[in-house]
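Written below as structure tokens is the structure these notes are about.
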Amino acid sequence: MTAPAFTPRVFSGIQPSGGLTLGNYLGALKRFVDMQNDGSFECVFCLVDLHAITVWQDPKTLAQQTREAAAGFMASGIDPKSSILFNQAQVSAHAELGWLFNCVARMGWMGRMTQWKDKAGKNTENASLGLFAYPALMAADILAYHATHVPVGDDQKQHLELTRDIAAKFNHDFGVDFFPITEPVIDGPATRVMSLRDGTKKMSKSDPSDMSRINLTDDADMILKKFKKARTDPEPLPETYGDLKDRPEARNLVDIYAALSGQSTDDVMGEVAGQGWGQFKPHLAEVAAEKIGPISDEMARLMSDPAEIDRILGDGSDRAREIADPIVAKTRDIMGMISS
Ligand code: AMP
Ligand code: TRP
């Protein structure tokens, strides 16, 4: 359990490495908004550009992608006045604490990370050192704010366990109770939204096929087209959710529908059991377009004033520094470094 001395604080991040997907929305953004509106937490949300550059990012597009992601947060319901919204590179505490944690984390821990293995592939010799150290920077993101709760999609579970290991090792090595042991928040029907082309792969902004994902900027026609083309099996929808166990593509579409319509998967099955895909897919597309349409309109409106987005990120960075700088200064102090 988290020590009661820590302020209930949420931290989460999204990489501005491309457009936002329905996976990001259901697995992350929508849940960030719920936690913000719950009112029990201070919320800090970050566009993690330092993480994005662990693989090549074109400097001509990175700033624009970061603004678009910020617009996606706000259009989904993040209020930059009540929550802190900023980009990581503007707050140097992240890079600094990331280095300190590079000296706490062990090579063996990093080598076991499945995201490292997936992203580096066979050619580890040619992967950036930053890609290997990625989870230590992520731990720094979270712990620079003494965050107690971190909402993420299922793919980040292992990184959050490593964050807890780093906090525990630091506390143990230096004989302090300084960093909280953060609680991952991974719940709801859509913590792992799968690709529309392959029910065993997660929906991702980096998938080469645009047909594999719904983007928050897709219009209603495109959403309909993508769901119609989504891979499924020929069977109609069964009576119970349990019957979808060995039907990953079918289950994924049911999960998406449940998350979008705010129903439990059992209630969804009560509504759609026996339907064929010709009936279910257009209905799903309609529900998705109703949710995404207003978000994508609002993103376009916000993107028409990039200077205002930069101002919001600058303001968020100032507020982020106020929390993170003293925590990193205290970390240096605990480690025995001289500072004036
Ligand atoms: P990323 O786009 O990899 O920076 O992910 C940002 C957040 O969105 C993290 O909390 C991820 O776990 C979440 N996320 C990304 N893709 C998916 C997905 N397909 N299903 C559910 N959550 C996702
Ligand atoms: N690694 C996360 C992802 O790819 C993004 C991330 C970076 C993050 N720092 C974080 C998520 C801190 C939660 C908390 O999805």
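As the structure lists them, so they are numbered: ligands from 1, and atoms in each ligand from 1.
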Distance from [atom] to nearest protein heavy atom, with residue and atom:
atom: atom 22 (N) of ligand 1; result: Gly23 O, 3.3 Å
atom: atom 9 (N) of ligand 2; result: Asp141 OD2, 2.7 Å
atom: atom 21 (C) of ligand 1; result: Thr191 O, 3.2 Å
atom: atom 12 (C) of ligand 2; result: Phe11 CE2, 3.5 Å
atom: atom 5 (C) of ligand 2; result: Gly13 O, 3.6 Å
atom: atom 1 (N) of ligand 2; result: Tyr134 OH, 2.6 Å
atom: atom 10 (O) of ligand 1; result: Gly153 N, 3.1 Å

Heavy-atom distances under 4.0 Å decide this one: backbone, side chain, both or neither, for Ile14 against ligand 2?
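Neither part.
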Can you hop from Ile53 to Met110 via hydrophobic side chains spaced under 4.5 Å?
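No; Met110 is not reachable from Ile53 via cluster members.
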If the plane angle is over 60° it's perpendicular, under 30° parallel, otherwise tilted; pick one for [X] and [Y].
X: Phe45; Y: Phe32; result: parallel
X: Phe86; Y: Phe11; result: perpendicular
X: His146; Y: Phe178; result: perpendicular
X: Phe174; Y: Phe170; result: tilted

Report the member of [options] with the shortest heavy-atom distance to [atom].
atom: atom 5 (O) of ligand 1; options: Ile14, Asn24, Val48; result: Asn24
atom: atom 12 (O) of ligand 1; options: Asp155, Val185, Leu47, Val152; result: Asp155
atom: atom 10 (C) of ligand 2; options: Gln156, Gln15, Met138, His159; result: Met138

Looking at Ser83 and Pro80, would you say the former's side chain and the latter's main chain have a donor-acceptor pair under 3.5 Å?
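No: the side chain of Ser83 does not pair with the backbone of Pro80.
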Atoms of ligand 2 less than 4.0 Å from [X] heavy atoms?
X: Val48; result: 7 (C), 9 (N)
X: Val152; result: 11 (C), 13 (C)
X: Val150; result: 13 (C), 14 (C)
X: His51; result: 7 (C), 9 (N)

Output yes when [X] and [Y] qualify as a salt bridge under the 4.0 Å nitrogen-oxygen rule, no when they do not.
X: Glu322; Y: Arg319; answer: no
X: Lys201; Y: Asp207; answer: yes
X: Asp187; Y: Arg31; answer: yes
X: Glu298; Y: Arg301; answer: yes
X: Asp198; Y: Arg231; answer: no
X: Arg321; Y: Asp318; answer: yes

With atoms numbered from 1 as shown, which atoms in ligand 1 lie under 4.0 angstrom from a non-hydrogen atom of [X]?
X: Gln156; value: 12 (O)
X: Gln15; value: 3 (O), 4 (O)
X: Arg192; value: 20 (N), 21 (C)
X: Met203; value: 16 (N), 18 (C), 19 (N)
X: Ala28; value: 7 (C), 8 (O), 10 (O)
X: Ala190; value: 21 (C)

Of the side chain and backbone of Ser204, name the one, both, or neither that has a heavy atom under 4.0 Å from an atom of ligand 1.
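Near ligand 1, Ser204 shows nothing, with every heavy atom at 4.0 Å or more.
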Once you restrict to heavy atoms under 4.0 Å, what part of Leu20 touches ligand 1? Side chain, backbone, both or neither.
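Contact part for Leu20 vs ligand 1: neither.
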Can you find an N/O atom of [X] closer than 3.5 Å to an N/O atom of ligand 1?
X: Val193; result: yes
X: Lys205; result: yes
X: Gly27; result: no

Do Asp79 and Asn37 have side-chain atoms, one donor and one acceptor, less than 3.5 Å apart?
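Per modelled atom types, Asp79 and Asn37 side chains form no pair under 3.5 Å.
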Show, in sequence, the C-alpha distance, side-chain angles and deciding distance for Asn87 and Gln90, and conclude whether the side-chain hydrogen bond (donor to acceptor under 3.5 Å, both in side chains) test is met.
CA-CA 6 Å; Asn87 64 303; Gln90 291 204 63; 2.8 Å; yes
Are any of the N/O atoms in Asp155 less than 3.5 Å from those in ligand 2?
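N/O-N/O distance under 3.5 Å: no.
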Aromatic contact, Trp116 with Phe132 (centres under 6.0 Å):
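For Trp116 and Phe132, the ring centres are under 6.0 Å apart.
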Between Glu96 and Arg332, does the salt bridge (Lys or Arg N to Asp or Glu O under 4.0 Å) criterion hold? Intermediate values first, please.
CA-CA 10 Å; Glu96 183 177 353; Arg332 267 189 254 125; 2.6 Å; yes
